[in-house]
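Beneath this line is the structure, given in structure tokens, with notes to follow.
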Amino acid sequence: MAQPAADLHVHTTASDGTLTIEEVPAAADAANIDLVAVTDHDRIHPELDAPITDHDGVTVIRGIELRVDTDRQRLDLLGYGVRSTDALTTELDRLQQDRIERAQQIIDCVETRLGVALDLDPQPGIGRPHIARAIADSDADDDFQGAFDELIGNGCPCYVPREITPVDRGIDLLTEACPVVGLAHPLRYDDPSAALDHAAELDAVERYYPYDHAVDTDLVDAAIDRHSLLATGGSDAHRTTLGQAGPPPSAVEAFRRRLEKR
């Protein structure tokens with residue numbers, strides 16, 4: 001696979017990543033890229049004060065990854081160059097409050113079930129990975145993965161569902177706030193075809209992604225051609241290594257033009 005020219009899917013400590021904004025330039029330099037999109041879960045990074053900023057020679061795009069609900073499955077949308085709107089702010093505030101309340105319910109369940117104390121105070125941006133790390137650091141026998149497998153994963157004893165945004169509402173909110181809105185990792189869903197049915201309402205689809213198994217991208221390529229979509233991509237980094245996947249230079253140039261057009 002050719003060296004990507006950008007990483008357009010990166011998480012930080014504003015949600016469930018371990019990378020801080022201050023660490024982004026060094027991580028980008030190590031990956032030999034100069035364009036990074038910060039796309040935290042259901043949250044606009046509070047330390048990014050404009051849709052596009054320069055950090056020690058690295059261009060950082062303020063983005064967001066928003067989970068939405070369809071009648072078949074849950075999907076993730078990526079918004080790039082996001083500007084705060086009243087409607088989006090209201091929805092993100094609701095989602096963050098739901099995250100905090102959900103996390104506290106999960107923490108209470110884990111502590112009661114295992115008889116341990118978790119050193120964790122739910123804050124905006126919290127997700128299950130934070131709880132899994134706290135479980136691994138506690139007196140419990142479970143490590144990070146074991147916490148998901150035995151306690152807090154879907155269907156497990158301490159799992160609590162989230163209230164997320166309906167897909168049509170999510171698309172409307174991001175379309176109003178972002179010059180580019182795309183579908184994240186289309187081949188990760190249970191029904192990729194149904195996921196890609198929403199592509200006609202979007203600007204882009206994540207064509208370049210580090211799946212943990214072999215995939216056939218013909219379905220994605222067909223959607224890109226059919227709806228004249230931008231081909232984006234990124235590593236979905238939750239740690240400090242960037243550039244594991246991303247679009248080539250030609251796709252990045254098209255992405256930049258669309259981003260700057262609006």
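In what follows, residues are counted from 1 in the order of the sequence shown. Bear in mind the structure is a predicted one, so any value in this text is a computation, not a measurement.
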Atom of [X], atom of [Y] and distance for their closest heavy-atom approach:
{"X": "Ala117", "Y": "Ser138", "result": "O-CB, 4.0 Å"}
{"X": "Ala14", "Y": "Pro46", "result": "CB-CD, 4.2 Å"}
{"X": "Val181", "Y": "Leu202", "result": "O-CB, 3.5 Å"}
{"X": "Asp42", "Y": "Ile64", "result": "C-CD1, 3.9 Å"}
{"X": "Val205", "Y": "Pro186", "result": "CG2-CG, 3.8 Å"}
{"X": "Ala251", "Y": "Ala231", "result": "CB-O, 3.5 Å"}

Could you give all pairs that pass the disulfide bond (SG atoms under 2.5 Å apart) test and reach [range], with sequence neighbours left out?
{"range": "residues 30-71", "value": "none"}
{"range": "residues 12-120", "value": "Cys109-Cys158"}
{"range": "residues 13-86", "value": "none"}

Problem - Side-chain (Asp236) to main-chain (His9) donor-acceptor, under 3.5 angstrom - result: no

ring-ring contact (aromatic ring centres under 6.0 Å, His included) pairs, two or more places apart, involving [range]:
{"range": "residues 87-123", "value": "none"}
{"range": "residues 105-128", "value": "none"}
{"range": "residues 220-245", "value": "His11-His238, His41-His238"}

Handout entry: Matching residue for Gln145 among Asp143, Asp149, Asp142 - test: side chain to side chain donor-acceptor pair (under 3.5 Å)
Key = Asp149

Exercise for the section: Under the side-chain hydrogen bond (donor to acceptor under 3.5 Å, both in side chains) rule, collect the residues that match up with Ser84, sequence neighbours excluded. Expected result: none

Practice task
Could you pull out all residues at least two apart from Glu47 that satisfy side-chain hydrogen bond (donor to acceptor under 3.5 Å, both in side chains)?
Solution key: none

Handout entry: ILVMFWY cluster, Leu92 and Val38 together (side-chain gap under 4.5 Å)
Key = no

Problem - Passing option when Glu91 is tested against Thr165, Thr85, Asp86 for side chain to side chain contact (heavy atoms under 4.5 Å, CB included) - result: Thr165

Handout entry: Close side-chain approach of Pro247 and Leu8, heavy atoms under 4.5 Å
Key = yes

Handout entry: Rounded distance (nearest 0.5 Å) linking atom OH of Tyr189 with atom OG1 of Thr70
Key = 10.0 Å

Compile the donor-acceptor pairs under 3.5 Å between side chains in residues 54-63 and protein atoms, sequence neighbours left out, one pair per line.
{"from": "Asp54", "atom 1": "OD1", "to": "Gly57", "atom 2": "N", "distance (Å)": "3.2"}
{"from": "His55", "atom 1": "NE2", "to": "Thr53", "atom 2": "OG1", "distance (Å)": "2.9"}
{"from": "Arg62", "atom 1": "NE", "to": "Val82", "atom 2": "O", "distance (Å)": "3.0"}
{"from": "Arg62", "atom 1": "NH1", "to": "Leu48", "atom 2": "O", "distance (Å)": "3.0"}
{"from": "Arg62", "atom 1": "NH2", "to": "Val82", "atom 2": "O", "distance (Å)": "2.9"}

Under 3.5 Å, which donor-acceptor pairs do the side chains of residues 124-137 form with other protein atoms, sequence neighbours left out?
{"from": "Arg128", "atom 1": "NH1", "to": "Ile152", "atom 2": "O", "distance (Å)": "3.0"}
{"from": "Arg128", "atom 1": "NH1", "to": "Asn154", "atom 2": "OD1", "distance (Å)": "3.0"}
{"from": "Arg128", "atom 1": "NH2", "to": "Asn154", "atom 2": "OD1", "distance (Å)": "3.3"}
{"from": "His130", "atom 1": "ND1", "to": "Gly127", "atom 2": "N", "distance (Å)": "3.0"}
{"from": "His130", "atom 1": "ND1", "to": "Gly127", "atom 2": "O", "distance (Å)": "3.4"}
{"from": "His130", "atom 1": "NE2", "to": "Ser15", "atom 2": "O", "distance (Å)": "2.9"}
{"from": "Arg133", "atom 1": "NH2", "to": "Asp16", "atom 2": "O", "distance (Å)": "3.1"}

Practice task
Not counting sequence neighbours, list each pair that qualifies as a side-chain hydrogen bond (donor to acceptor under 3.5 Å, both in side chains) and has a residue in residues 109-122.
Solution key: Asp121-Gln123

Completion exercise
Residues at least two apart in sequence or cross-chain that pass side-chain contact (heavy atoms from CB on, under 4.5 Å) with Val215, listed by chain then number, are Leu187, Tyr211, His213, Thr217

